[in-house]
Amino acid sequence: MMISSHCSFGLPGWVEPFLEDWQEPLSTISVRMRLAIALAQENIHQKTGGPFGAVVVNEQTGELVAAGVNLVTTSGLSVAHAEIVALSLAQTALGEWNLSHAGPLQLVTTCEPCAMCFGAVPWSGVKSLICGARKKDAESAGFDEGDKPDQWVRSLQRRGIVVQCSVLRAEAAAVLALYREDGGAIYNADHGQHKD
């Protein structure tokens, strides 16, 4: 039996120069979402993963704490969704599992969270969640988003997390559609089909 004691998310080499070239200050939710969408688009172009991007930003200052792209197909890890990657890298960078200790941090993601990422949001300590595309958009592209509460937004709000959905939805959904049209791998596509 082989057991590995080391597992970490490493971003593709193109991400750091891409972020350095990003000129627009992350002062508004729209600009933050544009960055997340641009990361998702470049992830497709570079063939380094799925059509999802995310950033963790200080709500007040607009400082970028961490970025993430979907790495499921290239890492071989089913949990390597853009949100999980961004949150993990933010926690690593800050040396803090509870991001609420680092100030009011915001997770901006190109698609509303799947069942797994929904569960990760409250445990991470972020104070707000900004989403672009919706579950319907991801499922139209062929992805299985899993089961989560119908009132998932309210569930997070009850925990003190501000949620805003459909920010630049059309642009974010277009990235999903492009990925499918280009023949990108649609992983977990059949897990939502229940068999008797």
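Values in this document were obtained by computation on a predicted structure and should not be read as measured data.
Residues meeting the ring pair (Phe, Tyr, Trp, His ring centres under 6.0 Å) test with Phe118, sequence neighbours left out: none. Residues passing the ring pair (Phe, Tyr, Trp, His ring centres under 6.0 Å) test with Trp97: none are found, sequence neighbours excluded. Checked against side chain to side chain donor-acceptor pair (under 3.5 Å), Glu42 has the following partners two or more places apart in sequence or in another chain: Gln46. Looking at residues two or more places apart in sequence or on another chain, you find no side chain to side chain donor-acceptor pair (under 3.5 Å) involving Ser88. Here Glu24 pairs with Arg34 under the side chain to side chain donor-acceptor pair (under 3.5 Å) rule; sequence neighbours left out. Glu171 meets the side chain to side chain contact (heavy atoms under 4.5 Å, CB included) test with Ile37, Leu168; sequence neighbours excluded. Remark: Ala67 engages Leu19, Leu39, Val55 in a side chain to side chain contact (heavy atoms under 4.5 Å, CB included) (not counting sequence neighbours). Legend: residues meeting salt bridge (charged side-chain N to carboxylate O under 4.0 Å, His left out) with Glu16, ordered by chain and number and at least two apart, are absent. The side chain to side chain donor-acceptor pair (under 3.5 Å) check on Ser100 picks up Asn98, with sequence neighbours excluded.
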Inset, instruction - With side-chain contact (heavy atoms from CB on, under 4.5 Å) as the test, would you mind laying out the steps for Val85 and Val69 before giving the verdict? - result: CA-CA 7 Å; Val85 172; Val69 291; 5.9 Å; no
Inset, instruction - Take Gln91 and Leu99 through the side-chain contact (heavy atoms from CB on, under 4.5 Å) test and state the conclusion after the steps. - result: CA-CA 7 Å; Gln91 291 165 336; Leu99 295 176; 3.7 Å; yes
Inset, instruction - Before giving the answer on side-chain contact (heavy atoms from CB on, under 4.5 Å), spell out for Val121 and Val126 the whole-Å C-alpha distance, their side-chain angles and the decisive distance to 0.1 Å. - result: CA-CA 7 Å; Val121 169; Val126 294; 3.9 Å; yes
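Scanning all heavy atoms of the two residues, the minimum distance from Ala86 to Gly68 falls at CB-N, 3.7 Å. Smallest separation of non-hydrogen atoms from Ala54 and Leu107: CB-CD1, 4.2 Å. The two atoms that bring Val72 and His81 nearest to each other are CG2-CD2, 3.6 Å, heavy atoms only. Minimum interatomic distance between Pro12 and Asn43 (heavy atoms only, all atoms of both residues): CG-OD1, 4.5 Å.
Residue Cys114 holds its SG atom at 7.5 Å from NZ of Lys148, rounded to the nearest 0.5 Å.
Both Val57 and Phe18 are assigned to one and the same hydrophobic cluster, defined by single-linkage of ILVMFWY side chains at heavy-atom distances under 4.5 Å. Tracing side-chain contacts under 4.5 Å through hydrophobic residues (I, L, V, M, F, W, Y), one never reaches Leu35 starting from Val65; they form parts of separate clusters. Leu89 and Leu129 fall into different hydrophobic clusters, where Ile, Leu, Val, Met, Phe, Trp and Tyr residues are linked whenever their side-chain heavy atoms come under 4.5 Å apart, directly or through other members.
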Please report, to 0.1 Å, the donor-acceptor pairs under 3.5 Å made by any side chain of residues 149-165, with sequence neighbours excluded.
| residue | atom | partner | partner atom | Å |
| --- | --- | --- | --- | --- |
| Gln151 | OE1 | Arg154 | NH1 | 3.4 |
| Trp152 | NE1 | Glu112 | OE2 | 3.4 |

Side-chain donor-acceptor distances from residues 172-184 under 3.5 Å, at least two apart:
| residue | atom | partner | partner atom | Å |
| --- | --- | --- | --- | --- |
| Tyr179 | OH | Ala185 | N | 3.1 |
| Tyr179 | OH | Ala185 | O | 2.8 |
| Arg180 | NH1 | Ala141 | O | 2.7 |

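Applying the ring pair (Phe, Tyr, Trp, His ring centres under 6.0 Å) test to residues at least two apart or on different chains, the pairs with a partner in residues 21-75 are Phe52-Phe143.
No side-chain heavy atom of Leu77 sits less than 4.5 Å from a side-chain heavy atom of Leu71. Counting heavy atoms from C-beta on, the side chains of Ile130 and Arg32 never come closer than 4.5 Å.
Side-chain atoms of Ser166 never come within 3.5 Å of backbone atoms of Arg169 as a donor-acceptor pair (strictly under, hydrogens ignored).
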